Amino acid sequence: MAINDENYIEVKGLTFYRGDRVIYNNIDLVIPKGKITAIMGPSGTGKTTLLRLIGGQLKPDAGEIWVDGLNVPDLGRKQMFELRARMGMLFQSGALFTDLTVFENVAFPLRVHTQLSEDMIRDLVLLKLQAVGLRGARDLMPSELSGGMARRAALARAIALDPELLMYDEPFAGQDPIAMGVLVQLIRLLNDALGHTSIVVSHDVAETASIADYIYIISDGEVVGSGAPEEVLHTDLPRVKQFMQGLPDGPVPFHYPARKLADDLIEPNLTKLRGA
Amino acid sequence: MRMRTMELSVGAFMIAGFAALAFLAIRVSGLSIDTAEETYRVTANFENIGGLTVRAKVTMAGVVIGRVSDIYLDKDDYVAVVEMDIFNKYDNLSIDSTASILTAGVLGEKYIGIMVGAEEEFLVDGDEIDDTQSALVLEDLVSKFLFNSVAEDE
Amino acid sequence: MIERVRRVGSQGVQFLESFGASGLFLFHSLWAWPRASSFPLLVRQIYSVGVLSLIIIVVSGLFIGMVLALQGYNILTRYGSEQALGQLVSLTLLRELGPVVASLLFAGRAGSALTAEIGLMKATEQLASMEMIGVDPLRRIVSPRLWAGFICLPLLALIFSTVGIWGAQLVGVDWLGVYDGSFWANMQDSVEFREDVLNGIIKSMVFAVAVTWIAVFQGYDTVPTSEGISRATTRTVVYASLAVLGLDFILTAVMFGDL
């Protein structure tokens, strides 16, 4: 095994299809241990899919995904659940269990995976909630939380078992600036304080670049650029540049493929006729 | 507290379900718990039993005194043999009693009516009622009626 | 022409595929049972599937029993055999209307709720996050709901029949003046416990499996969008109702049809 001790995850030759569509075409990735690695790219490139592949919820069509020395696609059901207990994942919507209170949501993984006494669970849950600033909200139901609070509560649940790997799926999407600032800070703080490995999937350039140690840019099923945030931000690679600087036109065209405008204007009925 | 009311209501629901089952079993289908009521068995031969079925009532003066327990064909005499279980408390049916197959209402079910006779001796287990009256069969009645009216015309 | 054959063929394969998938799904969820720790989950589901359906079942049962008594009385008096009212109502309810109508109401009340609930859990990634925490959603979410459905529907059908018979007694005996004694005596003479009551229970058990299975699988198989959930809910009610009526014919033919 050529697993480097420095790396928590190594992805080799990963290929994944959804139906006939290629999501990943033979990509290689390395996630270093104890760092925050960002996976960025335009919407619809399957960034979330990558997290699901790492978590073993999807099986790749080809390639290897080594997580801490284990090849995820080869794992049996039991080993998979054991590995998942060492991973935490923050879903885009938070994915709190709607029929449980915030407290019970955070306690859920502890109750499932440990035999701790009720007192211990209570202490642990309160500590985790304190870390995300929601200790006072422990008796609320998820429906009573704002979007940002729900995501923080979900974060507390994700770190309940002190995972070695924490995956964030679009943590900043749809958040107001304050909630976003809180989350940015939390991700960095938790990573430094708890020493786990983090993967952040996002397309919010500024926030992600401000906390990531390393960035991969994925587009059209391939890794089109990678490096430290500074490098990636000032690269000359056209696809990376367009994405990082948010340029409306570039390798990713502004116009949906169509005939020339002049042709359309001259023969306005042609499309209609075809349509009929 | 919320959990407790939920558990209570689930318990009440389950009990209601089983109470419904008990009601259907006892009150509706007449499944009596003390099925072991003491009976004695008498038989009767009928030319035709019509639509009489097992478990049909055996009555006297309209009161149920027993049930039909078995019906089969006597292969030698070609008559229907009806076995009846009569409750032990009605042990004073004279041996010349009459058994007839009757119908409750026009469309109702068939049952056996017993008319008591004049003898001083009573029926006991295994006895046979000799005097029987078969079920009225509509087709027979109609053909009899037609036959009579034709005969009158001639 | 060839195109049409191809389409029919591919639809057939698709149907077979989804049927197989739902079969495997059922097998996996039931295999995950039982465990002492899942008992509170089961109680909670019996509450939301059974107790919350109770009102609609009781009210419908009452009215159906009363209507049966009115209609039956009108017809039976023409033949002078209104004492057979108890027999008519009880056999109708026990053999057919109890299991069938209770199942249809159950599909509309509890089945659609099950589908929507599980579909929403899928859409909000609760199922995926549960899987990532290392808990099998089939065991934790699906299995208690399936069992709750299996347990509740036969009980609801029994309650439906009972309330219906009581409603018929109310109308027939108390209002229309059928003689109380002959109402019950006639019923008891014609209703066989094994033949009528037990067969009705067996019917409702079969319907319970069909309806709950369809509802839960439709929820689990939802396209995780709001449109997908509303479609899945509709499909649950339609498929479950058709399944109940189709199965009812088959079961009736086997049980009462001398086939």
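We use all heavy atoms of the structure for the numbers below, so side chains are in, but hydrogens, waters and symmetry mates are not. In what follows, chains carry the letters A, B, and so on, assigned in the order in which the sequence lines appear, proteins first and then strands, with residues in each chain numbered from 1. Model, not experiment: these values are computed from the prediction.
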Rounding to 0.5 Å, atoms CD1 (A/Ile54) and CE (C/Met132) come to a distance of 9.0 Å

If you draw a 6.0 Å radius around CZ in A/Arg111, do more than 12 non-hydrogen atoms from other residues or ligands fall strictly inside?
yes

CG/C/Leu127 to CD/A/Gln57 distance, rounded to the nearest 0.5 angstrom?
10.0 Å

Among A/Met89, A/Arg52, A/Met87, A/His113, residue most engaged with chain C (heavy-atom pairs, under 4.5 Å)
A/His113

So for atom CZ, which belongs to C/Arg231, do other residues, nucleotides or ligands contribute more than 12 heavy atoms lying within a distance under 6.0 Å?
no

Within residues 119-130 of chain A, which positions have a heavy-atom distance to chain C below 4.5 Å?
none

Check whether more than 12 heavy atoms from other residues, nucleotides or ligands sit under 6.0 Å from atom CD of C/Glu3, and answer yes or no.
yes

A/Leu96, part contacting chain C, at a heavy-atom distance under 4.5 Å
backbone

So which residue, A/Glu82, A/Met167, A/Arg157, ends up with the most heavy-atom pairs under 4.5 Å with chain C?
A/Arg157

Which pair of non-hydrogen atoms, one from C/Ser129 and one from A/Ala95, has the smallest distance, and what is that distance?
OG-O, 3.4 Å

Please examine the side chains of C/Arg140 and A/Phe97, heavy atoms only from C-beta on, and report whether any two atoms are closer than 4.5 Å.
no

dist C/Leu41:CG -> A/Asp99:CG (nearest 0.5 Å) comes out at 9.0 Å

Just verifying a value: how many Å separate C/Gln126 CD and A/Asn105 CG, rounded to the nearest 0.5 Å?
8.0 Å

Between A/Arg151 and C/Glu125, does the salt bridge (Lys or Arg N to Asp or Glu O under 4.0 Å) criterion hold? Intermediate values first, please.
CA-CA 13 Å; A/Arg151 226 164 276 193; C/Glu125 297 175 309; over 6 Å; no

